[in-house]
Each structure stands twice: as structure tokens, then as C-alpha cells.
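Everything below concerns the one structure shown next.
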2 protein chains.
Amino acid sequence: MPAGKEGRAVPSSQPDADKGLFDLKRFLPYLLNRAGIRLATAFSAELSRFDLTLPMWRVMAVLWHHGEQRVTDLVIETTIEQSTLSRLLASMDGRGLVARQRNQRDARTVIVRLTPAGRDLTRQLIPLALRNEGTALQGFSPQEIDALHTMLFRIFDNAAELLD
Amino acid sequence: MPAGKEGRAVPSSQPDADKGLFDLKRFLPYLLNRAGIRLATAFSAELSRFDLTLPMWRVMAVLWHHGEQRVTDLVIETTIEQSTLSRLLASMDGRGLVARQRNQRDARTVIVRLTPAGRDLTRQLIPLALRNEGTALQGFSPQEIDALHTMLFRIFDNAAELLD
DNA sequence: GGCAGATAAATGCATTTGCATTCTATTCGG
DNA sequence: CCGAATAGAATGCAAATGCATTTATCTGCC
């Protein structure tokens, strides 16, 4: 390779025509992913001061909101894979954040709920979570926020048909 | 499930007052995350037929769009952690999808680019990616899509200040 | 020039993840 | 009712991940 070519910003091998097929800056999965990861990373850092991980917080937030749930319900609500969640719940149980209990009515299922300690911790975390969200939404009008919520719901619903 | 926990009577759940503090259904990080994960999961399934993972596709998409990049630039563009990306690039290099080359101007850095084979594969994948996006955005007007893009950019920018 | 400090990428290692499978319990068809 | 099929959760295991550190290079200052 000739000297002086290395490190140039744009390679000659990429015709402009190619690029036109696909504009990353207008590609929804990309925009969604990077916004989501950035928010997640920032909040993870805050959670680490409580010795918590983001998936733990997600479980706690869902249990706070919905009350006790079966593991399968939590899989759906948290978007965490089933085996991952099973182990996460075992560790959260070990730390006294949640309690697991076989369901009397259907002993295949396990009911998960926040312990009082878990609830207290969640109560502490909620203001931090809302502050994070507030920063992310700086400069948004209430109408914009509503519209955004609605669109994210629609995307979630639309994307359901992409699964199997 | 550890033995001895079944049937324990745990007083149930959630005073209504608690719930009011925090409405998950209007919590941006939650809505963002679940929409993103669902789209990602769906596209991962398509990619598996090409023996590719989603992070590989992200790298390919960024290189397609931006042309050759340093590893550090790819970290930023793909939101993939540096050590993870370093290993991912090694594996993509081994499979002939990308080429890595020490930068002549600054030998600390490594320039990454799509190989011709990587470019061909990317060209094949783009229509699939756009079809996925199209499904997710079914029923959206062009104005809504524009507004969504803009808001996701703003969130990404706003969230930057959360990362000290 | 030479060294202290900074920057880029790679690597060691423990943890997390996810697919495939297993184990237990329930439901359904005869 | 009984056995096969199904459903829910846990687990084995290999792969992916991320933090902390290392290795290599560069930059600025004297």
C-alpha cells in the first residue's frame, strides 16, 4: 500500500453511490440503540454505587410497577432472556432484594416479589432514574414527550410481528 | 429454586401510593430499551442465517457509512465497548469481513475497513435491515419519522452530559 | 535527545449471557 | 384416569462481555 494513504478519512474504494443505499443517520435501529445504550451506561454508573446492575434495576422497576409476577411475566416485561433472568433472580434473592415462591395454584410457576428491603431500595432509586430521564429529555415539550412515548409503543407493537 | 421456600406466607404487595411515584409506561429508558431490544432480537435472527451477530452488522454498517475508521472511532460510532470491539474486529478480520492495518501516521492506531467481501455482504444485508426498519415504522407518516429521528438525536446529545 | 505523561489497542480474567437441554408439573386426548 | 404432549423454570456449557491492566507509541517539556 502506497505511503500516505493510511489514515485518510474516506477511502477511495467506497463509491458515493454505495453510500446512498443506506443512510445510518436516518436508520431507526441505530438511533434507538445508541440513545438507549448511552442512557443505560450513564444509569449503570449510578447504580454501581448501590452495588446494583442495570438488569437488577429493571427487575425492581417492573416489580414496583406491576407488583408480584411470575418469572415468565418478568421475561416479557423486562425483555431479559429467560435463563439469564432465572439466574439474576437467584442472585437478587440471595441479596434479599426479591423473594421467590412456588405458585400454589400452578406449581410449575414461581412468583417473584420485592422484599421490604428491595422496595426501600427501589424507592431510593426512583428519583435518580427520573433525574436521568429528565436530563435526557431536556428541552422537550410535554407534547413531544407524549408523541415520543406513543411512537415507541407503536414501534414495540409493530416489531412484535418480526419475532418468529 | 432452593428448598424450603415454598408456601411461605409473605404479605403481599404494593400500596397504591407507592406506584404513583413512578409510571413505567411513561418512563423513557424503559420504552427505549424494550423497543430497541425487540428490533435487535428480530434482526439477530435474520443475521444468524449469514453466520453474523448483531455487533458484527453494526460494525459493517458503520464502516459502510463512514468508510475506514480507527478502532476508537468505531467505539464511538457503534457504542461497543473498546475491549469487546477489539476482539470482535479480530474475529471479523479472521473471517475476511474487515481488514486492519496499523496507521503509518500514528502507529498507536489501527485503521479498519471493509474488505470487498465484507462490502458485498453488507450490500446484501442493507435491504433486510431496511425491511426491518420499515416494519417497525408501519403506519408512521414521514413527518413522524423525521420528528422521531430528531428526538432520538436530541436524547443522545442530552445524555452525553450524563457521562462525566 | 530523553524522559514523564498521555493515548490507542490488545489481553488476562472473572462475570454474564444465551442456546440447548433437563427437570418438574400441568393439561389434553383417548 | 392414564400417558403423551405442553409449559415454566433451572442448569450445563461455550461464547461474549467488561473492567483492569499491559504493551506500544506518541507528545511535550526540559
Side-chain angles (χ1 to χ4, degrees), chain A residues 6-7 33 37-38 40-45 47-49 51-59 68-95 98-113 163-164, chain B residues 1-3 5-7 33 37-38 40-45 47-49 51-59 68-95 98-112 163:
Chain A
E6 293 77 6
N33 178 67
I37 295 220
R38 188 168 275 187
T41 303
F43 197 53
S44 284
L47 289 172
S48 72
R49 294 188 290 106
D51 245 301
L52 292 173
T53 63
L54 192 68
M56 287 176 183
W57 153 250
R58 285 194 182 122
V59 169
E68 60 183 36
Q69 297 274 291
R70 298 175 309 152
V71 174
T72 301
D73 297 329
L74 286 176
V75 166
I76 294 166
E77 300 290 339
T78 61
T79 351
I80 297 172
E81 197 274 338
Q82 185 267 318
S83 67
T84 302
L85 182 63
S86 175
R87 277 181 273 243
L88 179 63
L89 292 172
S91 116
M92 292 177 73
D93 189 339
R95 290 182 46 181
V98 301
R100 291 177 298 169
Q101 181 180 23
R102 283 272 163 208
N103 190 345
Q104 305 281 315
R105 305 187 169 196
D106 180 347
R108 291 172 302 182
T109 67
V110 168
I111 303 295
V112 184
R113 66 176 57 107
L163 304 173
D164 68 7
Chain B
M1 193 67 191
K5 293 202 142 187
E6 290 78 2
N33 177 67
I37 295 219
R38 188 167 274 188
T41 302
F43 198 53
S44 285
L47 288 172
S48 72
R49 294 188 289 106
D51 246 300
L52 292 174
T53 64
L54 193 68
M56 287 178 183
W57 154 251
R58 285 193 182 123
V59 169
E68 60 183 37
Q69 296 273 292
R70 298 175 310 154
V71 174
T72 302
D73 298 328
L74 286 176
V75 166
I76 295 166
E77 299 290 339
T78 61
T79 351
I80 297 172
E81 197 272 337
Q82 186 265 318
S83 68
T84 302
L85 182 62
S86 175
R87 277 180 273 242
L88 179 62
L89 291 172
S91 115
M92 293 177 73
D93 189 340
R95 290 184 44 181
V98 302
R100 291 179 298 169
Q101 179 179 25
R102 282 272 161 206
N103 190 345
Q104 304 279 306
R105 303 182 173 197
D106 181 348
R108 290 171 304 181
T109 67
V110 167
I111 302 297
V112 184
L163 311 167

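Every chain is numbered from 1, with letters handed out A, B, ... down the list of sequences. Computed from a predicted structure; not experimentally measured.
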Tabulated below should be each protein N or O lying under 3.5 Å from an N or O of nucleotides 22-25 of chain D; please produce it.
none

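- Atom CZ of Arg105(A) is separated from atom P of dT27(C) by 12 Å (rounded to the nearest Å).
- Put simply, the side chain of Ser86(B) never gets that close to the backbone of Gln82(B): no donor and acceptor are under 3.5 Å apart.
- Distance, Met92(B) CE to dA10(C) P: 14 Å, rounded to whole Å.
- The heavy-atom pair separating Thr79(B) from Ile37(A) by the smallest distance is CG2-CG2, 3.4 Å.
- Between the CG atom of Leu54(B) and the C1' atom of dT17(D) there is a distance of 15 Å, rounded to whole Å.
- Of the residues in residues 81-89 of chain B, those lying under 4.0 Å from DNA chain C by heavy-atom distance are Gln82(B), Ser83(B), Ser86(B), Arg87(B).
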side-chain contact (heavy atoms from CB on, under 4.5 Å) evaluation trace for Asp106(B) with Arg70(B):
CA-CA 11 Å; Asp106(B) 181 348; Arg70(B) 298 175 310 154; 5.8 Å; no

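- Residues satisfying the side-chain contact (heavy atoms from CB on, under 4.5 Å) criterion with Ser91(B), sequence neighbours excluded, are Met56(B).
- For the pair Arg58(B) CZ and dA16(D) P, the computed distance is 15 Å after rounding to whole Å.
- When rounded to the nearest whole Å, the span between CD1 of Ile80(B) and P of dC19(D) equals 14 Å.
- Look at CZ on Arg70(A): it is 14 Å from C1' on dA25(C), rounded to the nearest Å.
- Side-chain contact between Met92(A) and Val112(A) is absent, with no heavy atoms from C-beta onward closer than 4.5 Å.
- Side-chain contact between Val110(B) and Leu89(B) is absent, with no heavy-atom pair separated by less than 4.5 Å.
- Atom C1' of nucleotide dG8(D) and atom CG of Leu74(A) are separated by 13 Å, given to the nearest angstrom.
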Check step by step if side-chain contact (heavy atoms from CB on, under 4.5 Å) holds for Leu54(B) and Leu47(B).
CA-CA 7 Å; Leu54(B) 193 68; Leu47(B) 288 172; 3.8 Å; yes

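- The distance between atom CD1 of Ile111(A) and atom C1' of dA25(C), rounded to the nearest whole Å, is 14 Å.
- In this structure the side chain of Leu52(A) reaches within 4.5 angstrom of the side chain of Arg95(A), judged on heavy atoms.
- Formation of a donor-acceptor pair under 3.5 Å by the Arg100(B) side chain with backbone atoms of Ile111(B) is not found in this model.
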